[in-house]
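First comes the structure, then the notes that go with it.
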Amino acid sequence: MCFPHANADCERAFSAVNGVKTKFRNRLVTDFISGVLHSKQLIKTLQ
């Protein structure tokens, strides 16, 4: 069995979701949140 040395990647993913899904936007579906996160990542990559 192999365990990761750190959970920084997982923490970054949760932080990104928390930035998108706020208490005012708590009814967003998973597909929409996933699309927003992928779009943000693509924009960051292209710059």
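- Within the model, atoms OG1 of T45 and NZ of K40 stand 13.0 Å from one another, a figure rounded to the nearest 0.5 Å.
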May I have the list of side-chain donor-acceptor pairs in residues 8-21 shorter than 3.5 Å, sequence neighbours left out?
| unit_1 | atom_1 | unit_2 | atom_2 | d |
| --- | --- | --- | --- | --- |
| D9 | OD1 | R12 | NH1 | 2.7 |
| N18 | ND2 | F14 | O | 3.3 |

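- Atom-to-atom distance recorded for I33:CD1 and H38:NE2 is 12.5 Å, nearest 0.5 angstrom.
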